[in-house]
Structure formats: C-alpha cells, structure tokens
Amino acid sequence: MDFIVTATGKFEGDVNVPGDKSVSHRAIMLAAVASGTSRIAGLLYSEDVLATMRAFRQMGVELDELTDGLLTVKGVGSGGLKAPRTDIDLGNSGTALRLLTGLLAGQNVEATLTGDESLRKRPMQRIVEPLLQMGAQVTVGRSGVPPVHIRKSRRLQGIHYRMPVASAQVKSAILLAGMYAHGETCVDEPLVTRDHTEHMMATFGYPYRHEGFRICLAGGGRLQGTTIDVPGDLSSAAFFIVGATICRGSRVSIQGVGINPTRSGVLTILEQMGARIEIGNRRHAGNEPVADIVVRYAPLKGIEISPELVSLAIDEFPIIAIAAACADGHTVVRGAEELRHKESDRIFAMVGGLEAIGIEVEERDDGMVISGGLVKGGRVNSYGDHRIAMAFCMAALRSAQPIVVQDCDNIATSFPDFLACAQNAGLDVRQV
Ligand code: S3P
C-alpha cells in the first residue's frame with residue numbers, strides 16, 4: 001500500500017494518539033505471568049501488540065477485550081504458561097520477540113519464536129549471550145537472527161551483565177529472566193535506556209534497585225495482578241509534534257502523552273532546534289509520567305545532536321530528520337549506529353528518502369548530516385518501516401509537490417489510526 005500525501009496549508013486541532021507500544025507489550029507480558037487478574041486501560045491495539053496478545057493465547061492465557069478497549073488478562077502465575085503447539089509468530093515486533101525470549105527462558109516452556117521478513121533479519125545474539133550466561137537453553141541460527149528456540153533448562157542463575165549496546169530490549173530480556181533466576185541479576189547500561197520494564201515490575205509489586213546506570217533485582221519474587229493505565233505514545237505523538245512545528249500557522253494539542261525522561265529526548269532535541277512545545281497538566285498514569293502537549297509552528301535551526309540524547313530518542317530519528325530537513329543549517333547525528341538495526345536500516349532509509357525529496361544529506365556509519373533546504377516532493381521507499389513511512393508523510397507539510405510514500409502497510413504495527421488522525425489535522429493523505 002502506497003500513500004500520496006499533499007499539504008493543504010493547514011495542520012491543527014486535537015490529536016488522539018494511541019497507547020504506548022512499549023508499555024502495552026510489558027503490561028500484557030507481566031499480567032500474563034502474574035497471580036490474579038489484571039485490567040489494562042488505554043492499551044494499544046496495533047499489529048505488534050496483537051502479536052504479543054496472540055502469543056500468550058497460544059500459551060493458554062485468557063485475554064478478554066471489554067468495552068472501551070479495556071483488556072482483562074487472567075494471570076497464570078509463575079510456571080503456569082503452557083508450551084505453544086506451533087511456532088509463535090511475532091510479526092514485525094522486535095520488542096515482543098526479545099522480551100518474550102527473556103521471559104520464557106526462565107519458565108519451563110519450550111517454544112520457537114519467529115516473525116516477518118524484517119524481524120528475521122534483526123540481531124538476537126545480543127539477548128542470547130547474556131541468557132546463555134544465566135544457564136538458559138536459547139539458540140538462534142548461525143547468522144544470529146530469528147527463529148529463536150527456547151528449551152527447558154535448569155533453574156537460571158542470576159548474573160551481573162555489562163551491556164555492550166544501549167538497548168532497553170536487552171536490559172528487559174535479562175531482567176525478565178532474572179525474576180526466575182537464583183540470586184541477584186544486575187544489568188549495567190552504557191547509556192540510560194527506557195525504563196518501562198522496571199516501572200511495570202514495580203506496578204505488579206516486584207521490587208528492583210536502581211543505582212546510576214545499574215539495575216538489580218532478586219529472583220524468586222512475586223507479580224501480583226493489578227490495574228494499569230497505558231499513557232499515550234510519545235513516539236506516535238512525535239509525528240504530530242514535528243508536523244505542527246514545520247507547518248506555518250499551525251497549532252496541535254495532544255492529551256495524555258507519556259513523557260518519561262528516558263523516552264523524551266525528542267522534546268529536548270526539538271526544543272534545542274527552536275520548537276515551541278508547551279508541556280502542561282503533568283500527572284501520572286500508572287507508574288508513568290504523562291502530560292498534555294501543545295505545539296505551534298516555529299522556525300527551526302540545525303544543531304549537533306548530543307550522542308547522550310540518542311538512546312533517549314532512538315525511535316524518533318526518522319521524524320527528527322524531517323525536522324532537520326526543514327531547519328536552517330546543518331543537523332549532525334552521530335553515535336546512532338543502532339539505527340541500522342531497527343525495523344529497517346534507518347540511516348540508509350532516511351538518507352535515501354531525504355535525497356528523493358530534494359534534501360542534501362551525507363550518510364555516515366553512525367549517523368548523518370542533514371542540510372536544511374527546500375522540500376521538493378518525490379517518491380520515497382519506506383522499506384516497510386512504519387516510522388520511516390509516517391515521517392515522510394509529515395514531510396509533505398513543507399513540500400512543493402506531493403510525496404508518494406511506498407510500502408505503508410506496517411504503519412498499523414504502531415499507529416493503526418494514523419491516516420485518519422493525519423487527515424483530521426489537515427493533511428491530504430490518500431492510498432494509491
Ligand atoms: C524498545 C526499545 C528500543 C526501541 C524499540 C522499543 C522497547 O529498542 O527502539 O522500538 O520497548 O524496549 P532497543 O532496545 O533495541 O534500543
């Protein structure tokens with residue numbers, strides 16, 4: 001499915017962004033293995049999260065969708081999951097596959113986890129290595145990509161692990177396995193990564209310790225079913241925040257967005273570029289900080305993005321690149337080689353897309369240098385990557401000619417209502 005996107009000169013209104021993807025996966029996973037029933041409000045019903053729901057149904061967990069999107073999950077308790085009869089297909093979702101591997105490694109369950117063409121190219125050695133150190137029986141193919149096979153093992157042993165890459169998925173896989181390990185498990189991060197797993201564990205009553213860049217927990221604790229409110233997804237909101245910022249005369253407001261500081265690097269980066277973002281009505285949803293956000297048009301300037309901000313904005317680089325294309329001067333992204341291991345090689349995909357719409361950009365191994373300029377329009381390959389596709393839809397707000405964005409089906413993995421939300425705000429997006 002391709003989209004043709006044309007600016008109408010207007011981009012405004014109230015935008016409802018869907019529930020946070022990272023929080024939704026974690027809420028389902030912990031609810032499934034907790035004792036008692038959990039109720040999850042505001043869950044994201046996107047393809048990635050539906051894959052996680054299907055996985056637990058395959059393992060005998062009852063999940064019921066009630067009115068207003070409320071999901072109830074009847075937790076089966078520690079050791080209560082059943083071995084799935086067939087392979088578990090996690091579609092496009094790296095988070096589902098990596099976190100589930102960690103969770104299942106410590107349970108007495110045999111399973112094979114796989115996914116779509118993109119997921120079957122993504123590196124898994126980064127989770128296999130620490131899990132093997134814990135005594136798990138986890139294997140992947142010779143090139144280190146899915147399918148992932150998990151077999152029964154003796155009780156896992158807690159480890160102290162220094163992560164070579166800043167990855168919340170790796171940290172989470174180890175911590176989830178650590179809940180079923182003997183003794184203490186500690187993870188040292190090279191840079192701060194999103195801490196939703198830790199927050200979600202606390203919501204279910206599982207204690208952990210956080211000291212600087214180290215997170216520790218003791219195995220053998222208990223997860224108690226609970227009620228969870230999933231905040232709006234800042235990663236989805238980011239498309240509308242940048243859309244409003246680059247479109248003259250615009251004003252967009254977004255309610256109830258998660259602003260967890262381990263995730264909100266995009267706000268810092270855009271503010272450094274000159275964006276006008278008001279954050280008000282700060283409160284908490286579950287264990288996560290949320291706020292209402294109002295954004296108005298502002299002229300942007302290019303900046304050097306500090307490498308310390310990269311892990312705090314890791315999913316927002318496609319849309320940050322669009323902001324940079326509309327800014328005055330050069331924007332430098334470095335220390336971001338992880339972008340090459342996402343749903344697509346995002347450095348390659350962004351460089352190709354920016355060039356296709358008339359923007360000068362230099363590709364580097366660990367980032368890119370974007371020269372702000374006039375967006376002319378053109379045909380962009382999204383490589384089936386939801387965030388690349390949504391980012392280039394927003395670029396049309398500043399484009400002289402329409403932008404055709406190819407291969408947009410996977411937008412449904414994170415933001416099923418994107419098309420309607422973008423149309424409501426004033427963007428002319430149609431399927432071609
Ligand atoms: C995620 C962690 C990040 C992010 C991904 C979601 C998570 O990946 O890119 O979209 O929910 O834990 P890494 O852990 O690979 O950095």
Side-chain angles (χ1 to χ4, degrees), residues 18-30 43-44 46-49 51-52 90-103 115 118-119 121-130 144-146 161 163-177 187 189-201 215 230-231 233-239 258 260 262-266 288 307-320 335-347 349-350 366 385-388 390-391 410-411 413-415:
D20 188 286
K21 182 151 73 74
S22 292
V23 175
S24 295
H25 283 299
R26 287 157 171 84
I28 295 168
M29 290 185 189
L30 291 190
L43 190 83
L44 169 68
S46 73
E47 290 303 326
D48 277 10
V49 179
T52 292
L90 295 159
N92 195 243
S93 180
T95 305
L97 197 142
R98 294 202 179 103
L99 269 58
L100 203 49
T101 302
L103 186 73
S118 150
L119 189 52
K121 286 189 194 136
R122 295 182 67 185
M124 294 299 144
Q125 207 50 44
R126 52 180 63 195
I127 53 163
V128 170
E129 200 190 294
V145 295
Y161 191 71
M163 286 200 300
V165 284
S167 162
Q169 293 177 356
V170 175
K171 171 179 66 175
S172 301
I174 299 168
L175 293 177
L176 291 168
V187 183
E189 311 191 89
L191 287 168
V192 172
T193 67
R194 63 189 68 192
D195 58 5
H196 301 304
T197 299
E198 298 91 303
H199 285 194
M200 194 57 72
M201 284 177 169
I215 302 101
V230 178
D233 198 326
L234 179 59
S235 297
S236 297
F239 299 104
N260 180 321
T262 64
R263 273 287 286 288
S264 58
V266 62
E288 294 286 342
E308 267 89 68
L309 288 171
V310 168
S311 62
L312 309 180
I314 191 68
D315 289 342
E316 284 65 71
F317 279 91
I319 192 64
I320 289 169
E337 48 282 290
E338 270 300 299
L339 292 176
R340 296 201 181 272
H341 306 294
K342 297 296 174 188
E343 287 82 332
S344 69
D345 173 343
R346 285 188 175 157
I347 294 177
M350 286 312 301
D366 69 338
D385 183 327
H386 57 138
R387 299 204 197 281
I388 299 289
M390 289 186 275
N410 277 338
I411 288 177
T413 61
S414 65
F415 199 160

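Indexing begins at 1, ligand by ligand and atom by atom, following the structure's order. Nothing fancy with the numbering, it's 1 onward along the sequence.
A side-chain donor from one of Ser414 and His386 sits under 3.5 Å from a side-chain acceptor of the other. Under the 3.5 Å distance criterion, with hydrogens and angles disregarded, no donor-acceptor pair is assigned to the side chains of Thr197 and Lys171. Side chains of Thr262 and Asn260: a donor-acceptor N/O pair is present below 3.5 angstrom, by distance only.
For atom 9 (O) of ligand 1, the closest non-hydrogen atom of the protein is Asp315 OD1, 2.6 Å. Remark: minimum distance from atom 1 (C) of ligand 1 to any protein heavy atom is reached at Gln169 NE2, 3.5 Å. Regarding atom 6 (C) of ligand 1, its nearest protein heavy-atom neighbour is Thr95 OG1, 3.4 Å.
Looking at Arg194, Arg263, Arg387 one by one, the single match for salt bridge (Lys or Arg N to Asp or Glu O under 4.0 Å) with Asp233 turns out to be Arg263.
If you check each of Arg26, Lys342, Glu316 against atom 12 (O) of ligand 1, the one with the closest non-hydrogen atom is Arg26.
Considering backbone and side-chain N/O of Val170, none are found under 3.5 Å from N/O of ligand 1. On a distance-only criterion, Ser167 and ligand 1 share at least one N/O pair closer than 3.5 Å.
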Give the C-alpha distance, both sets of side-chain angles, the deciding distance and a yes or no for salt bridge (charged side-chain N to carboxylate O under 4.0 Å, His left out) between Asp48 and Lys21. CA-CA 8 Å; Asp48 277 10; Lys21 182 151 73 74; 3.4 Å; yes
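Annotation: side chain of Thr95 is not in contact with side chain of Leu97 (no heavy-atom distance under 4.5 Å). Side-chain contact between Asp20 and Leu44 is absent, with no heavy atoms from C-beta onward closer than 4.5 Å.
Residue contact check: Ser22 has heavy atoms under 4.0 Å from atoms 6 (C), 7 (C), 11 (O) of ligand 1. Within the listing of ligand 1, atoms 9 (O) sit less than 4.0 angstrom from a heavy atom of Ile314.
In Lys171, neither the side chain nor the backbone holds a heavy atom less than 4.0 Å from any atom of ligand 1.
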